[in-house]
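Since the model is a prediction, treat every value here as computed from it, not as a measurement. To find a chain, count down the sequence lines: A is the first, B the second, and so on, and within it residues start at 1.
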Number of protein chains: 6
Amino acid sequence: MADAWLTSLITKTPQEGYELATTLSRRGVKYTQPDPDVLHKLRPEYANSADGLTAASHVIALNFQTVAAANNYWRDA
Amino acid sequence: MADAWLTSLITKTPQEGYELATTLSRRGVKYTQPDPDVLHKLRPEYANSADGLTAASHVIALNFQTVAAANNYWRDA
Amino acid sequence: MADAWLTSLITKTPQEGYELATTLSRRGVKYTQPDPDVLHKLRPEYANSADGLTAASHVIALNFQTVAAANNYWRDA
Amino acid sequence: MADAWLTSLITKTPQEGYELATTLSRRGVKYTQPDPDVLHKLRPEYANSADGLTAASHVIALNFQTVAAANNYWRDA
Amino acid sequence: MADAWLTSLITKTPQEGYELATTLSRRGVKYTQPDPDVLHKLRPEYANSADGLTAASHVIALNFQTVAAANNYWRDA
Amino acid sequence: MADAWLTSLITKTPQEGYELATTLSRRGVKYTQPDPDVLHKLRPEYANSADGLTAASHVIALNFQTVAAANNYWRDA
C-alpha cells in the first residue's frame, strides 16, 4: 500500500479517535486481503451476523485503546 | 454518523464509566452495521446465547479498561 | 439499571479485587440481557462447557487487569 | 469462596509469576463453576483439544500481563 | 529462524508502525508453522473468510498496541 | 514443573523478546496439558489450521506485549 493513510494518531475529539479506531480495524483486514472484490463479497458474512459484528466491535475496542492512550484520553479537551 | 455521541471519556463514577463502556461497545457494532432493522433482527442471536453474551461482556471489559484509565480509575472519587 | 452497584474500584486485597472482576464480568452480561429468566436458562450452556468456562475466565482476566491497575497492584498491602 | 487464595501478586521470580497466572486463570473457571465434579468431567474437553489449550494459554497470557506489571517485570531480580 | 527480522520497534511514522504490526502478526504464524507450503495452502482459508480476516485484524491490533507504545505514539512526529 | 525455564524477561534484542513470547505461549499449553504424547498428537490440529495458527499468533502477541514492556521496548538498543 503506497498511499499514506495514517500520518498521526492524534485527534481533536474522542469521537474522531473512535472513528480512527474503526479505520485501523478495517485496514487490518485490507492488509490481509487487499482484493476489494473479495472484501465486498464477504461483507454480508459479518455485517449480518451477531458474532461477526461483536468481533468487529472487539477489534475496534483494541484499536481505540491505542488511540485513546496516544491522545492522553483527551483529558484536557 | 454526524451526531456527536462521544465528547468525553470522563465520568463522575466508575458505574457511569462502565455504562459508557457499554455504549462504546454498541457503537462499534453500529459503525460496522448502521442499518437499525438488521441490528434489531440480530439481537436475539446474541442476547439469547451464552457465547454471545460472554462475547458482549468481553468487549465491554476492553472498553472499560480504556474508560477507567482515562479517569485515573476514579481513585480520588 | 438504577441501583448503584459500582462505587469504587479500590479493594483491600487482591482477592477482593479478583472477586470484583467477576462481578464486572457478570454485569457486562446483565447490561446486554437484563431478563433474569433468560440468564437463568442460559447458565448451563456455559457453566457446563469447557469453552464457555474458559471464555468466562478470559473476561474476568481482563477486568482483573483494570481492578489491579486501579489498586496499584496492592503493592503496599 | 471463603478461603484466602490470593494475598499478593508479588512473586520472587518471573516463573513463579507465570505459575500464579495459571492459578488466576483456573480460579476464573472455579468462580464460574464451583462444582468440582463438573470441572473434572469437563477437563478432557479442553485438555485434549488444540483450540482448548490455546484458549487456556490465552487467558494465562492475560493474567501474566497483570502479574508481570505488579512485579515491575522483575527488572531488579 | 536464524535471520534477523526484528532489530527495532521504532518506526518513523504510525503507518510504518502499523505495517510492522502486520509483520509481527505473520511471524507469529511462521514460528508456529514454519513450512511455507502448508502456509501457502492455508491462505485461502482465512483470506476468504470474514471471521478469518477479522481475527487477523485482531492480532494486528494487539501488535500495533505494542509498536505504538514503543514509539510513544509518534506524538512528536 | 521443577525446572527453571523462566529466570528473566529481559532480552538483548526485540527478536529474542519475540522468541521468548513464543516460549511463554507454549508453556501456557504445557502447564494445562503436561503429557507430551497428547501435545504431539494435537499439533497437526492447530499447525495445519488457519484458525489455529491465527490463535497461536494471538497468544504470542499478548506475551510479546509483556516482554516488550519489560524491556522498555528496547528503545536504547
Fill in the blank from the handout: Scanning both residues in full, the closest heavy-atom pair of F:Lys12 with F:Glu16 reads N-OE1, 3.6 Å

Handout entry: Short side-chain to backbone donor-acceptor contact, D:Tyr18 and F:Gly28, under 3.5 Å
Key = yes

Completion exercise
Heaviest contributor of heavy-atom pairs below 4.5 Å to chain D, chosen from F:Leu39, F:Val67, F:Asn63, is F:Asn63

Practice task
Calculate, to the nearest 0.5 Å, the distance between atoms CZ and CZ belonging to F:Arg27 and D:Phe64 respectively.
Solution key: 12.5 Å

Completion exercise
Among F:Ala21, F:Ser8, F:Ala69, the residue with the most heavy-atom pairs under 4.5 Å to chain D is F:Ala69

Practice task
Could you pull out all residues at least two apart from D:Thr11 that satisfy side-chain hydrogen bond (donor to acceptor under 3.5 Å, both in side chains)?
Solution key: D:Trp74

Exercise for the section: Pull out the residues in residues 54-62 of chain F that come under 4.5 Å of chain D, heavy atom to heavy atom, sorted by number. Expected result: F:Ala55, F:Ala56, F:His58, F:Val59, F:Leu62

Exercise for the section: Calculate, to the nearest 0.5 Å, the distance between atoms OH and CZ belonging to D:Tyr31 and D:Arg26 respectively. Expected result: 16.0 Å

Fill in the blank from the handout: Among residues 42-53 of chain F, those lying within the under-4.5 Å heavy-atom range of chain D are F:Leu42, F:Glu45, F:Tyr46

Exercise for the section: To the nearest 0.5 Å, tell me how far D:Leu6 CG sits from D:Leu20 CG. Expected result: 6.5 Å

Completion exercise
Turns out that what part of F:Leu24 lies under 4.5 Å from chain D's heavy atoms comes down to both

Practice task
Name the region of F:Val38, side chain, backbone, both or neither, that has any atom closer than 4.5 Å to a heavy atom of chain D.
Solution key: side chain

Exercise for the section: For D:Asn71 and D:Leu9, indicate whether the former's side chain and the latter's backbone hold a donor-acceptor pair under 3.5 Å. Expected result: yes

Problem - Which residues share a side-chain hydrogen bond (donor to acceptor under 3.5 Å, both in side chains) with F:Gln33, sequence neighbours left out - result: none

